Chemist: 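Pasting a structure here, questions to come.
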Amino acid sequence: MTGADPLASKRVVLGVTGGIAAYKAVELCRRLVDAGAHVSPVMTEDATRFVGEVTFSALASEPVRRSLWGGPEPIPHTRLGQNADVVVVAPATARFIGCYAHGISDDLLTATVLATRAPVVVCPAMHTEMWEHGAVQDNLALLRRRGVVVVPPAQGRLAGGDTGVGRLAEVDDIVRSVRAVLGGPDAAGDLSGVKVVVSAGGTREPIDPVRFITNRSSGKQGHALADAAARRGARVVLVTTTERPVAAGVDVVRVDTAAEMEQAVLSAAADAGVVVMAAAVADFRAKAPATSKLSKADGVPDLVLEPTPDILAELGRRRRPGQVLVGFAAETDEVEDRARAKLGAKGVDLVVANDVAAPGAGFDHDTNAVTILGAGGGSTRVGLTSKEAVADAVLDAVAECLSAGPEGPDERGARRAR
Ligand code: PMT
């Protein structure tokens with residue numbers, strides 16, 4: 001990192017809730033203190049079943065607080081909340097997330113996050129079944145809409161010998177997110193000040209006023225990319241066909257058809273540093289959509305199709321020096337070969353090969369598994385994990401391209417080859 005550490009002299013409230021990942025919060029505490037932050041630890045009762053409070057008291061800047069009652073301060077949550085520069089909750093259990101989302105303050109930590117105007121970073125950790133439950137996802141979406149930064153969990157070994165998505169994010173990633181939230185040189189991460197355009201969702205191509213051709217894209221992967229880019233400091237324009245929630249600060253352009261998406265993406269891309277086409281753009285549309293509802297009584301219509309504009313290929317033709325272009329390739333057969341062919345055909349820096357027939361990957365899942373292919377032949381495999389973690393892996397590759405400078409995509413790709 002160059003320049004002053006944004007964590008230096010900042011007051012961080014570190015909330016620890018009751019999950020096995022509480023032991024990793026010990027390392028997080030140490031890293032925050034080492035970076036110069038003043039760390040005030042708050043543990044829930046359940047957290048103390050996993051890690052003793054003495055451990056945190058010994059490492060942090062102040063002794064652990066656990067209760068609203070009985071301490072030296074009459075109203076500890078307001079003092080903590082008002083003085084904090086940032087509140088970080090790691091690990092955050094489903095119970096904590098639910099209480100916070102619904103304004104229920106039943107312990108010192110939930111009272112503190114409700115009593116603060118400082119930014120809050122929530123790092124969930126739980127079993128996959130709980131992480132994927134609609135209640136947890138809805139609560140997180142609500143928190144994101146209110147500006148809470150969510151550092152998504154990773155895939156890996158969980159308590160009880162299980163494996164899946166739900167493991168606490170790496171301490172490095174959490175520290176990076178906290179720095180990004182606090183601002184300052186380098187703070188907003190590798191995409192600070194970069195304009196990033198992301199497309200998401202499946203386009204809808206009308207046949208008549210009530211019918212359309214579309215696909216199974218939910219927009220989850222594209223929205224995760226937009227959220228992650230914003231968290232990493234980018235100025236984000238999201239061109240989407242869906243109503244899914246987005247992080248605070250993301251500019252949203254709602255579109256339906258490939259033609260509308262083309263117009264919105266090309267216009268936003270004109271001064272963008274990065275464009276990521278995660279949308280499933282229909283390849284064909286009705287040549288002459290009916291202006292009135294087609295009637296069954298008139299028999300089966302002759303539907304004549306024509307190709308839609310290839311937005312990514314057009315972006316490749318218009319590419320500005322230094323602009324990084326990323327395509328996705330949704331395939332079911334010969335996935336990497338076909339994806340690599342698109343890399344050249346569309347003139348882009350990176351193609352994210354997405355085997356949409358693989359279990360848990362592709363359309364509408366909360367998880368994904370991809371291979372990120374560089375124009376110079378390099379590739380990075382991202383095994384089954386959350387779409388948020390895939391988004392961060394794609395943006396890591398984008399950041400590498402950006403730091404390689406305004407040279408041709410082949411050169412950039414070559415540098416990435418591993
Ligand atoms: O939205 P989710 O439910 O989360 O699912 C995510 C996803 C499977 C949609 C996503 O991960 C993905 O793979 N997106 C690309 C889907 C796709 O259209 O792939 P393609 O191989 O047909 O297109 C290749 C690339 O060209 C894509 O970047 C696409 O956005 C772009 N394209 C395609 C056609 C077209 N007319 N214009 C384009 O720009």
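Residue indices begin at 1 and follow the sequence shown. Counting convention: from 1, in listed order, for ligands and their atoms alike. Quick note: numbers below take in every heavy atom, side chains included, and nothing from hydrogens, waters or symmetry partners. Here the structure is a predicted model, which is why all the values come from computation and not from measurement.
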Chemist: Check D392 with R231, please: is the shortest side-chain N to carboxylate O separation under 4.0 Å?
Modeler: yes
Chemist: Which of the numbered atoms in ligand 1 are below 4.0 angstrom from a heavy atom of K220?
Modeler: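 The atoms of ligand 1 under 4.0 Å from a heavy atom of K220 are 1 (O), 2 (P), 4 (O).
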Chemist: As an exercise, identify every atom of ligand 1 less than 4.0 angstrom from a heavy atom of G219.
Modeler: 1 (O), 2 (P), 3 (O)
Chemist: Show me which atoms of ligand 1 lie under 4.0 Å from any heavy atom of G327.
Modeler: 28 (O)
Chemist: Going by the closest heavy atom to atom 36 (N) of ligand 1, which one wins out of P309, A258, A200?
Modeler: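 Shortest heavy-atom distance from atom 36 (N) of ligand 1: P309.
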Chemist: Find all atoms of ligand 1 within a distance of less than 4.0 Å from any non-hydrogen atom belonging to K342, and give their numbers and elements.
Modeler: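 Every atom of ligand 1 under 4.0 Å from some heavy atom of K342: 20 (P), 21 (O), 24 (C).
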Chemist: Sort out for me which residue in D349, V274, V326, L325 forms a side-chain contact (heavy atoms from CB on, under 4.5 Å) with C401.
Modeler: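 Among D349, V274, V326, L325, the one meeting side-chain contact (heavy atoms from CB on, under 4.5 Å) with C401 is D349.
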Chemist: Out of D310, V276, D283, whose heavy atom is nearest to atom 34 (C) of ligand 1?
Modeler: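 Selected option, by shortest heavy-atom distance: D283.
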Chemist: Contact between ligand 1 and A279 is defined here as a heavy atom of the residue under 4.0 Å from a ligand atom; is it met?
Modeler: yes
Chemist: Can you confirm, on distance only, whether ligand 1 has an N/O atom lying under 3.5 Å from any N/O atom belonging to L312?
Modeler: yes
Chemist: Only heavy atoms of D364, strictly under 4.0 Å: list the atoms of ligand 1 that pass.
Modeler: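 That gives atoms 2 (P), 3 (O) of ligand 1.
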Chemist: Heavy atoms only: which of K387, M277, K346 is nearest to atom 33 (C) of ligand 1?
Modeler: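 Of the listed residues, K346 has the closest heavy atom.
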Chemist: Could you tell me whether A278 approaches ligand 1 through its side chain, its backbone, both or neither, with non-hydrogen atoms closer than 4.0 Å?
Modeler: backbone
Chemist: Below 4.0 Å from ligand 1: does a non-hydrogen atom of G222 turn up there or not?
Modeler: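 It does not, in that no heavy atom of G222 comes within the 4.0 Å cut-off of ligand 1.
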